[in-house]
2 protein chains.
Amino acid sequence: MSVPTAKPGRRPTIKQVAAAAGVSTAAVSQAFNDKGRLSERTRRRILDTATDLGWSPSASAAALRSARTRTLALVVRRPTDVLGADPHFSELITGIEGELAPRGYGLLLHLVAGAHEENALYKRLAAEGRVDGAVLTDARADDPRPALLARLGLPAVLLGPPDRAASVPRIGLRHQGAAVEEVVHHLIGLGHRRIAYVAGPADLQHTRLRGGVFETALRQAGLRPYAVLHTDFTEVSAVAATEALLDADDRATAIVYANDSMAMCGIGAARRGGLRVPEDLSVVGYDNLPLGRWLYPRLTTVDQQVQRVGAAAARLLLARCGEDVEETVLDDRPRLVVRESTGPAPG
Amino acid sequence: MSVPTAKPGRRPTIKQVAAAAGVSTAAVSQAFNDKGRLSERTRRRILDTATDLGWSPSASAAALRSARTRTLALVVRRPTDVLGADPHFSELITGIEGELAPRGYGLLLHLVAGAHEENALYKRLAAEGRVDGAVLTDARADDPRPALLARLGLPAVLLGPPDRAASVPRIGLRHQGAAVEEVVHHLIGLGHRRIAYVAGPADLQHTRLRGGVFETALRQAGLRPYAVLHTDFTEVSAVAATEALLDADDRATAIVYANDSMAMCGIGAARRGGLRVPEDLSVVGYDNLPLGRWLYPRLTTVDQQVQRVGAAAARLLLARCGEDVEETVLDDRPRLVVRESTGPAPG
C-alpha cells in the first residue's frame, strides 16, 4: 500500500498525517489531545509531521475531539412549513445524505426562527460536542456565522458562490448570475418583452444577486422588468404573485420563478386563468427538481445541481472533520435547461 | 398554580411527578439516578409518588439520562435518492420539526440501506447517548425494532396505525383501509370498471394493507383490479407503470397512485400520451401534498395529514422523553379529497 501524500491545493487529512508519521489515526488524535500512552518522542514526531504537511492543529483538534459523533449539523433559518413547501431542501438533504449515509454519518437538522437562535444553537452544539461540523445555508450579506464558528472551533462550510476571501470555505456553483442572464436572453430571443420575476425573500443573498442580474440583462437589451415580486417561497404566495402579473391587458408574457415548485404553481394558476403554457405564457423555474421533467408541459428551468452541491458540501466538510474524503471540484455553473414551458411570445 | 395530575389514559410526565412530590424535576431526575444531595426520605417520597402516578422508572430513567441531548432520531430505510423524489418525507419532517424547533430540539436524520444497518445504528446511538428517542418509520410485518429499542431503553414511537398490543406506541390515523375503500367507491360511482393501482414496494406494511383493501373493495363490486404494479416510489418507475397501463385498447380508465408525486408524474405521462385528465383518465394520489392543490388539474387525493401525524409522533415521543407536552389524539382517519383529476369514465 502506498503512503498517501498531501497533494498541492488540497487539505491534508488525518490519515495522511498518520501514514507519514507511521502511526495510527488514533495516535494522531492522542498526540493532539495530549492523551493516551504515546512516548514524548512519538508525540513530537506526530506533531512535527502534521506541521510539515500543513495540517492545522487548531481546527483539527476540535474535529478530533468530536470526531466520534459522526454527525454533521444543517441549520435552516426558515419557518418550519417552508421545508415541506420547497423541495429545494429535500434535494439538498438528499445530496448530503448520499455522502453521509455510506459512511455511517447522520445529519442533525435544526430549524430556527432567527439569527439569535441560530447563533445560540451553534454555541450549544459546540459546547456539548454534539456535532463534528456544520453546513451553513442561505449566505447573507455581512454574515456573522463564519467568524462565530471559527471561534467555536467547529469546522463549517457555507453554501454559496466560492469566495477565496471568506473565513469559512464556501461551496457552490460559480457564475450564478450567468444562468439568470441565459434565462433572460432565452426569453428575449423568443420575442418576450414583458418579463416578470417572482423572487424569494428580499433579504437572501441569492435573491438580491439574481434580481440584480435580471434587471441588468434586461436593461442591456433596452428593456425593464415587467415586475419583480417577492414571496416567502410558499405555494400560496406564488399563486397570488402569478395572478397579480396576469391581471391586466398588457399582462406579463413570461414569468421567471425563483424555484421550481413556485413555477409549477404558476403554471397551474395560469391554466386556471384560461392561459395556455407556453402558447400564451412562458414559465421558467429554478432548481431542476426531478418532478419538473415529468409534468406536462415539461418545465424549462435552471439546473442548479442542488444534490451535487449538497454532496460536494458534505465531502468538503467530512474532509475538514478529518475523514479521508476527496473534495469534489465544482467547476460547472448553473445552466438553463430548455424544455416545454417556454415558447415564442404571443402575437 | 394548580398541581397537575395524571389524567386517565395519558402517560404522566416528570413535571407531574415533581409537582405531586413537591420537588423540582431535577430532583426527580436525581432520585432515579441515585445522585445529588437528596435526603433518603425525599428520595423515597419521589419514588413512591412516581409509582402512585404510574410513572415508569425504567423508561423514564433512560430518558432522563440523555435528556440533555435535545435530539430525536429519525431513521429512514430508503435509498438516499428517494428522499428527494418523495415529498412525503419532507412533509413528515416538517410536521416533526414544527414541534421540535420551538423547543430547541433537533432531528437527527439517518438514512440506512437495510435492517442490519438500522439496528446497529440504534445500538450505537443508545450506547453513545446521542439521542433522547427515535421515531420509527415504515412499519413492517414482524418488526424487530420495537423489541430492540425497548431493550436499549430508548423511548420510541412507530408511525403506523394504532395497535394496543404493540410494545412501542404506534401513532397514525386509524382506518387507513377506509380511505382506500372510499377511493374505489368514488371511482366506481363515476362509472370506472378498469381501475389500476400503482403501489409502492411490496415489502412495506402499508403497501400490503392498501393493496388488500383495494382488491377487496373491487371484488365486493364484482370487479377485479385492472392491474397492481409495484414501484420504488421514483418518478421514473411511476412513468413506466403509467405507460404500461395505458398501452392497450382496453387501457385503464382510472389509476390510483400510492403517493402524490407519482400521481403528478402519471398525469404528465398520460397527457404526453394524448390523454386528457380527467376526461380520458382519472387519477387519484395519496398524501395531499400542498402542490397538488395548485396544479392543473387539481389533484384528487387522500389526505393522510402527514404533517399532523409527524407532529403527533413528535409530541408523543417528547412526552415519553420527559417533556411536558400533551399528546395529540388522532381521532381522524385519512379522507378522500375530490378535486379535478377524477371524472366520469369515458364513454
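Proteins come first, then strands; the chains are lettered A, B, ... in the order of their sequence lines, and each starts at number 1.
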Show, in sequence, the C-alpha distance, side-chain angles and deciding distance for Leu108(B) and Leu107(A), and conclude whether the side chain to side chain contact (heavy atoms under 4.5 Å, CB included) test is met. CA-CA 6 Å; Leu108(B) 178 60; Leu107(A) 184 68; 5.8 Å; no
Closest non-hydrogen contact found for Arg124(A) with Thr69(B) is NH1-O, 3.9 Å
Smallest heavy-atom separation, Leu291(A) atom then Glu235(B) atom, equals N-OE2, 3.7 Å
Across all chains, not counting sequence neighbours, the side-chain contact (heavy atoms from CB on, under 4.5 Å) partners of Val338(B) are His186(B), Thr300(B), Leu336(B), Thr342(B)
Test side-chain contact (heavy atoms from CB on, under 4.5 Å) applied to Ala238(B) - qualifying residues, sequence neighbours left out: Met262(B), Cys265(B)
Does a side-chain heavy-atom distance below 4.5 Å link Ile93(A) with Phe89(B)? no
Neighbourhood of chain A inside residues 267-282 of chain B, taking heavy atoms under 4.5 Å as contact: Gly268(B), Ala269(B), Arg271(B), Arg272(B)
Report the C-alpha separation of Leu74(A) and Leu109(B) in whole Å, then their side-chain angles, then the decisive distance to 0.1 Å, and conclude whether the side chain to side chain contact (heavy atoms under 4.5 Å, CB included) test is met. CA-CA 10 Å; Leu74(A) 177 69; Leu109(B) 184 65; over 6 Å; no
What distance separates Ser261(A) OG from Leu295(B) CG, expressed to the nearest 0.5 Å? 10.5 Å
Can you list everything that forms a side-chain contact (heavy atoms from CB on, under 4.5 Å) with Glu117(B)? Sequence neighbours excluded, please. Val112(B), Ala113(B)
Applying side chain to side chain contact (heavy atoms under 4.5 Å, CB included) to His110(B) and Glu97(A), what does each step give before you reach the verdict? CA-CA 8 Å; His110(B) 269 274; Glu97(A) 280 288 351; 5.7 Å; no
